[in-house]
Amino acid sequence: MQPPREIITIDASEPIDKINEIIARDGGVIVSNFLSSDLLRELLTAIEPHFAGRELYTSDATHKELGKDFFSPGSQRVYGLLGKIPNQITKILRLPVWNGIMEHFLSDKFSSYTGDTLVPQKSGYMLNATTAIRLVPGAKAQPLHRDHMAYQIRPDPTNPLFNVMVGCLIAGSRTTVRNGATRVIPGSHLWGTDRAPKLEEAVYAEMEAGSALFTLGSCFHAGSANMCEPDEPDALRTLFAVFGQRDYFRQHQEEVLSTPIEVARKLPDDILRIAGYYKAVGGVGYVGDHLAPVDFLFEDGNGIGKMSV
């Protein structure tokens with residue numbers, strides 16, 4: 001067996017086409033300097049009150065669909081970040097690299113006949129889920145998996161790069177082999193469904209704080225065990241998941257329900273759109289008489305919104 005390839009690291013200042021070429025080839029890439037030092041500091045300051053006093057994750061809500069060991073013991077998890085730290089998530093969702101990757105891998109053109117008229121459409125991308133994850137010393141390793149397993153996607157030999165979602169794991173702290181850096185199997189995004197991942201095929205995505213690991217939903221990866229002692233400098237591994245997806249699939253995390261309405265009313269229009277408050281191009285995601293959720297944010301009594309953001 002050939003030794004596994006490394007996960008390539010490329011700076012956020014490099015051309016987006018070059019970054020996307022690496023992802024297409026390897027299934028993932030580390031983008032260094034993804035967050036500025038100011039935004040990283042702001043993000044960590046904003047999330048800390050939500051981590052303070054939070055118990056380790058013990059929910060069994062995902063055991064049926066993902067297995068009981070999918071979220072390993074030893075992590076603190078904060079969900080629905082758009083509703084909790086909206087200013088910082090808004091800044092991340094506007095970063096050119098995040099949008100350039102999502103646009104490339106999650107948007108495509110499509111045409112379909114309505115009667116004798118061929119109607120062209122172009123799909124878009126939207127927010128899939130947001131989570132802050134902190135691994136503490138003693139946390140167990142996660143099993144290798146594909147993120148798009150929730151969508152029951154089968155590989156298409158005619159379109160091997162088709163993905164429902166793209167993962168984005170932002171390092172809030174330095175991530176190392178010792179504190180639980182994510183393991184990735186480069187090239188596994190091109191495997192069929194009959195090949196199981198092996199630990200010896202995986203490599204560690206070690207990152208400096210402010211870097212981000214992008215992986216296609218079809219790429220095998222997993223969080224690792226935190227082997228640190230509590231008094232070690234890098235004992236806590238903090239990540240921010242800001243995933244994207246195709247806008248015509250059901251969201252992994254329902255942002256409209258996860259975000260308090262008083263917070264949503266203050267969000268700018270481009271963030272409402274990417275968070276799922278607008279219908280997809282093909283009309284997916286409507287409420288009532290084919291209205292968009294955004295139409296109810298500023299309701300005038302007739303179900304028609306008064307947009308003022």
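Along the sequence shown, residues are numbered consecutively beginning with 1. Here the structure is a predicted model, which means the values were calculated and not measured.
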Shortest non-hydrogen pair, Leu82 vs Ala275, comes out as CD2-CB, 3.6 Å
State plainly whether the residues Asp38 and Arg41 are in salt-bridge range, i.e. N to O under 4.0 Å.
-> yes
Taking the side chain as C-beta and beyond, is there a heavy-atom pair between His148 and Asn163 under 4.5 Å?
-> yes
Test item: Phe240 and Leu44 side chains (from C-beta on) under 4.5 Å apart, heavy atoms = yes
Return the orientation label for the His252 and Tyr151 ring planes: parallel under 30°, perpendicular over 60°, tilted otherwise.
-> perpendicular
Parallel under 30°, tilted from 30 to 60°, perpendicular over 60°: which one fits the rings of Trp191 and Phe220?
-> tilted
Please report the shortest heavy-atom distance between Cys228 and Pro137, naming the atom on each side.
-> O-CB, 3.1 Å
Can you spot which of Arg183, Arg195, Arg5 makes a salt bridge (charged side-chain N to carboxylate O under 4.0 Å, His left out) with Glu201?
-> Arg195
Counting N and O atoms only, with roles assigned by atom type, does the side chain of Glu14 sit under 3.5 Å from a partner on the main chain of Lys18, one being a donor and the other an acceptor?
-> no
Can you see which heavy atom on Ile133 is nearest to which on Ser75, and at what distance?
-> CG2-CB, 4.4 Å
Is any side-chain heavy atom of Asn99 closer than 4.5 Å to a side-chain heavy atom of Tyr125?
-> yes
Hey, is CZ on Arg54 packed in by over 12 heavy atoms from elsewhere, all under 6.0 Å?
-> yes
State whether Asp270 and Arg94 are salt-bridged, where the test is any N-O pair (Lys NZ or Arg NE/NH1/NH2 against Asp/Glu carboxylate O) under 4.0 Å.
-> yes
Where the side chain of Asp247 meets the backbone of Gly124, is there a donor-acceptor pair that is under 3.5 Å apart?
-> yes
Measure up the Phe34 and Phe214 rings against each other and bin them: parallel (under 30°), tilted (30 to 60°), perpendicular (over 60°).
-> perpendicular
Phe105 backbone acceptor or donor facing Arg246 side chain under 3.5 Å | yes
Verify the distance criterion only: is there a donor paired with an acceptor across the side chains of Arg134 and Thr238 at less than 3.5 Å?
-> yes
Within 6.0 Å of CG in Asp289, more than 12 heavy atoms from elsewhere | no
Side-chain heavy atoms under 4.5 angstrom apart, residues restricted to Ile, Leu, Val, Met, Phe, Trp, Tyr: same cluster for Val284 and Phe249?
-> yes
Please answer whether the main-chain N or O of Gly223 pairs with a side-chain N or O of Gln142 as donor and acceptor at a distance below 3.5 Å.
-> yes
Do Leu39 and Trp98 share a hydrophobic cluster, counting only Ile, Leu, Val, Met, Phe, Trp and Tyr and linking them when any side-chain heavy atoms are less than 4.5 Å apart?
-> yes
Verdict with reasoning, Val287 to Asp295, per side chain to side chain contact (heavy atoms under 4.5 Å, CB included) | CA-CA 9 Å; Val287 180; Asp295 292 321; over 6 Å; no
Among the clusters formed by ILVMFWY side chains lying less than 4.5 Å apart, do Leu190 and Ile8 turn up in the same one?
-> yes
Quickly, which of Leu93, Leu127, Ile89 forms a side chain to side chain contact (heavy atoms under 4.5 Å, CB included) with Ile271? Name it, please.
-> Leu93
Should Thr182 and Thr175 count as side-chain neighbours, where that means a heavy-atom distance under 4.5 Å?
-> no
Between OG on residue Ser211 and CG on residue Leu169, distance to nearest 0.5 Å = 12.0 Å
Checking His145 side chain against His221 main chain: does a donor-acceptor pair fall under 3.5 Å?
-> yes
Thr215 (side chain) donor-acceptor with Gly28 (main chain) under 3.5 angstrom | no
Side-chain (His189) to main-chain (Ala24) donor-acceptor, under 3.5 angstrom = yes
Side chain proximity check, Val294 to Leu297, heavy atoms < 4.5 angstrom = yes
Step by step, would you call Thr130 with Gln253 a side chain to side chain donor-acceptor pair (under 3.5 Å)?
-> CA-CA 8 Å; Thr130 53; Gln253 175 180 280; 3.2 Å; yes
What distance do Glu208 atom CD and Ile30 atom CD1 have between them, rounded to the nearest 0.5 Å?
-> 10.0 Å
Report, as yes or no, whether the 6.0 Å neighbourhood of atom CZ on Phe70 holds more than 12 heavy atoms from other residues, nucleotides or ligands.
-> yes
Evaluate whether atom CD of Glu55 has more than 12 neighbouring non-hydrogen atoms of other residues, nucleotides or ligands under 6.0 angstrom away.
-> no
How about Ser112 and Gln121: does a side-chain donor come under 3.5 Å of a side-chain acceptor?
-> no
Say whether, by atom type as modelled, one donor and one acceptor occur between the side chain of Arg146 and the main chain of Gly217 under 3.5 angstrom.
-> no
Apply the side chain to side chain contact (heavy atoms under 4.5 Å, CB included) test between Asn226 and each candidate in Thr176, Asn179, Leu236; give the one that qualifies.
-> Asn179
Note: Lys122-Glu103 ion pair, threshold 4.0 Å (strictly below) | yes
In this structure, CG of Asp147 is separated from CE of Met149 (nearest 0.5 Å) by 9.5 Å
Give the cluster check for Ile185 versus Met165: same hydrophobic cluster or not, with ILVMFWY residues linked at side-chain heavy-atom distances below 4.5 Å.
-> no
Can you name the closest pair of heavy atoms from Ala222 and Pro143 and give their distance?
-> CB-O, 3.3 Å
Side chains of Val177 and Ser224: does their closest heavy-atom pair fall under 4.5 Å?
-> no
With no hydrogens and no angle check, do the side chains of Arg77 and Thr131 hold a donor and an acceptor under 3.5 Å apart?
-> no
Does His290 offer a backbone N or O that forms a donor-acceptor pair with the side chain of Lys279 under 3.5 Å?
-> yes
Given side chains that start at C-beta, do those of Leu216 and Ile23 come closer than 4.5 Å, heavy atoms only?
-> yes
May I ask you to test the Leu35-Ile92 pair for a side-chain heavy-atom distance under 4.5 Å?
-> yes
Calculate, to the nearest 0.5 Å, the distance between atoms OH and OG belonging to Tyr79 and Ser258 respectively.
-> 11.0 Å
Kindly compute the distance separating OH (Tyr248) from CE (Met126), expressed to the nearest 0.5 Å.
-> 13.0 Å
Distance col, row Ser173:OG vs Leu135:CG, nearest 0.5 angstrom, shows 9.0 Å
Is it true that the side chains of Tyr278 and Asp269 contain a donor and an acceptor less than 3.5 Å apart?
-> yes
